There are 2 protein chains.
Amino acid sequence: MKYSKQREIILRALEMNVIHPTADELYKLIIKDFPSIGLATVYRNLNLLAEKGIIKKIYGLDDAAHFDHNTHNHHHFICTKCNKIYDVPYDIASDIADNVWKKTGFSIEKTELSFHGICKNCQTKN
Amino acid sequence: MKYSKQREIILRALEMNVIHPTADELYKLIIKDFPSIGLATVYRNLNLLAEKGIIKKIYGLDDAAHFDHNTHNHHHFICTKCNKIYDVPYDIASDIADNVWKKTGFSIEKTELSFHGICKNCQTKN
DNA sequence: TCCTAAACTGATAATGGTTATCATTATTAA
DNA sequence: TTAATAATGATAACCATTATCAGTTTAGGA
């Protein structure tokens, strides 16, 4: 894995954004400061960084994959009104993978847990 | 919602298959006995049946959405070796949605929980 | 039974997110 | 400095899914 300016910019941009962006969203943010970057480069590097465990790829929130610079164990909540994505602390269900192993004998490599609903902010708005 | 032969066939085909098929997989099974059915009809009806709560749509297992005739509360495990999808009993984490509500105040409409790893069968093969 | 409105169908075009391809450029270690 | 190789940007291709639409089927009166 060689250094590249583009990869650094992508990683920095992700770190600066708490919004758990999709590849395309991040691309649109980056081209404001770095118009020459290509969309494929953004996809490529986000996947590469996720493979290396430097960032995290989140599935199942909506049609597109989202990315998260926070690699610590945690889950996600997406509000069906405002579409904002929130972090959900890991300890709401810290032993699920272990429970599955005990019950099924399957070895768990990855646990994908996400919630859909209405966030507190949107609840009070109505 | 009017009766249609196609919808009945689709539902029956899903009920007869424990494999949690994608729309396309189910389509390929159905055309063996009912070659005139259209792919769009399969997609349409699976989505409709899922909306009505008659079947369940599963996200986040892989790129495609899978469907399940079992509407009871449960989760899923996909084996990264054989790609088989297994049911995971609900009680490994029955209070997670409630926990999230207590911690965050977000109202939870849907909880998506899936596991990736190696199933027992594939473990013993090595 | 016949009629009509609404739902449904199959074929196919369009969409949207993502990956593959490829010629060119940048990085790195010797 | 050079040579190997990784990375880039543009764009074509891919794949799952949805939209469109003309023709067909269903269902509940008249």
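Letters A, B, ... are given to chains in the order of the sequence lines, protein chains preceding strands, and every chain is numbered from 1. Values in this document were obtained by computation on a predicted structure and should not be read as measured data.
No hydrogens or angles considered: nothing links the side chains of Lys56(A) and Asn70(A) as a donor-acceptor pair under 3.5 Å.
Following rounding to the nearest Å, Ile31(B) (CD1) and dT9(C) (P) show an atom-to-atom distance of 17 Å. Residue Ile37(A) contributes atom CD1, which lies 18 Å from atom P of dT25(C) at whole-angstrom precision. For the pair Ile58(A) CD1 and dG17(C) P, the interatomic distance rounds to 16 Å; values are reported in whole Å. In this structure, the CE atom of Met1(A) is 7 Å from the P atom of dA7(D), given to the nearest Å. Separating the CG atom of Asp63(A) from the C1' atom of dT15(C) is a distance of 11 Å, rounded to the nearest angstrom. The separation between Lys57(A) atom NZ and dG17(C) atom P is 14 Å, rounded to whole Å. Here the P atom of nucleotide dT18(C) and the NZ atom of Lys28(A) are 11 Å apart, to the nearest Å. Per the geometry, OH belonging to Tyr59(A) stands 16 Å off C1' belonging to dA16(D), to the nearest Å.
Base engagement by Thr41(A) is indicated by at least one non-hydrogen atom pair under 4.0 Å involving a base atom. Among the heavy atoms of the strands lying under 4.0 Å from Arg7(B) are primed sugar atoms or P, OP1, OP2 only; no base atom is included. Residue contacts for Asn45(A): at a heavy-atom cut-off of 4.0 Å it reaches the sugar-phosphate backbone alone, with no base atom in range. When heavy atoms are screened at a 4.0 angstrom cut-off, Thr22(B) is found touching no nucleic acid atom at all. Within the 4.0 angstrom heavy-atom criterion, only backbone atoms of the sugar-phosphate kind lie near Tyr3(B); the bases stay farther away.
Summary of the strand contacts: Tyr43(A) and Ala40(B) both lie near DNA chain C, and taking for each the nucleotide with the nearest heavy atom, the more 5' one is attributed to Ala40(B).
His76(A) and His20(A) have perpendicular rings, their planes meeting at more than 60° on a 0 to 90° scale where under 30° would count as parallel.
In this model, the phosphate group of dG10(C) is approached by a side-chain N or O of Gln6(B) to a distance below 4.0 Å at OP1 or OP2. The side chain of Ser4(A) contributes no N or O atom lying less than 4.0 Å from OP1 or OP2 of dT27(C). When the side-chain nitrogen and oxygen atoms of Asn47(A) are compared with OP1 and OP2 of dT19(C), one or more of them lie within a distance under 4.0 Å.
Of the possible polar contacts, none joining the Thr111(A) side chain to the Phe115(B) backbone as a donor-acceptor pair under 3.5 Å is found. Of the possible polar contacts, none joining the Asn17(A) side chain to the Ile19(A) backbone as a donor-acceptor pair under 3.5 Å is found.
In the set dG17(C), dT9(C), dA7(D), the nucleotide with an atom closest to the side chain of Arg44(B) is dT9(C). Ranking dG10(C), dG9(D), dT18(C) by closeness to the Ala65(A) side chain, first place goes to dT18(C). Closest to the side chain of Lys2(B), out of dC8(C), dT19(C), dA7(D), is dC8(C).
Side-chain contact check for Tyr86(B) versus Val18(B): every heavy-atom pair is 4.5 Å or farther apart. Put simply, the side chain of Asp68(B) reaches to within 4.5 Å of the side chain of His74(B), judged on heavy atoms.
Contact annotation: side chain of Lys5(A) to base of dA26(C), donor-acceptor pair absent below 3.5 Å.
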